[in-house]
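Basis for what follows: all heavy atoms, side chains included, without hydrogens, waters or symmetry-related copies. Residue numbers start at 1 and run along the sequence shown.
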Amino acid sequence: MEKSIESCLAETCSKDGVIGSLMSDQQGLCLGVKGKASIESSGVITAIAEQAAKLEPHGQNPIIVLENDTK
């Protein structure tokens, strides 16, 4: 399983414009991080994903993209 997490994070970080990727379980435990992503944000990102999933309950899992003025 660890190898598939690493390969998924590497694939995500290889996309244009992506500077970091984080994977967490449903409780917010960080399973892996690559690039400029913070382990400490794992729980917050999981909570955001749970709320985003409620917008389209029968859709696919949401993909969360965070941006600020410099990134």
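- Legend: residues meeting side-chain hydrogen bond (donor to acceptor under 3.5 Å, both in side chains) with Gln51, ordered by chain and number and at least two apart, are absent.
- The environment of CD1 in Ile63 is sparse: at most 12 heavy-atom neighbours from other residues, nucleotides or ligands sit within 6.0 Å.
- The CD1 atom of Ile5 sits 11.0 Å away from the OG atom of Ser21 when rounded to the nearest 0.5 Å.
- The structure places CD of Glu56 at 12.0 Å from CG of Asn61, a figure rounded to the nearest 0.5 Å.
- Here the side chains of Leu22 and Cys30 are in contact, with some heavy-atom distance below 4.5 Å.
- For the pair Pro62 and Ala49, the tightest heavy-atom approach, listed with the atom from each and the gap, is CG-O, 3.4 Å.
- Taking a 6.0 Å sphere around CD1 of Ile48, one finds it holds more than 12 heavy atoms contributed by other residues, nucleotides or ligands.
- The two residues Gln26 and Glu50 come nearest to each other via the heavy atoms O-OE2, 3.4 Å.
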(request) Apply the test side-chain contact (heavy atoms from CB on, under 4.5 Å) to residues Ser24 and Thr46: give CA-CA distance (whole Å), side-chain angles for both, the deciding distance (0.1 Å), then the verdict. (result) CA-CA 7 Å; Ser24 65; Thr46 300; 2.6 Å; yes
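- Looking at Ser42, its side chain never comes within 3.5 Å of a backbone N or O of Ile39 through a donor-acceptor pair.
- Other residues, nucleotides and ligands contribute more than 12 heavy atoms inside 6.0 Å of the CG atom of Asn68.
- Linking ILVMFWY side-chain heavy atoms closer than 4.5 Å, directly or via other members, places Val18 and Leu66 in two distinct hydrophobic clusters.
- Across all non-hydrogen atoms, the minimal contact from Pro57 to Lys54 is CD-O, 3.6 Å.
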(request) Kindly determine whether Cys8 and Met23 satisfy side-chain contact (heavy atoms from CB on, under 4.5 Å), including the steps that lead there. (result) CA-CA 9 Å; Cys8 182; Met23 186 181 294; 3.6 Å; yes
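- From Ile19, atom CD1 reaches atom CD of Glu67 across 10.0 Å, with rounding to the nearest 0.5 Å.
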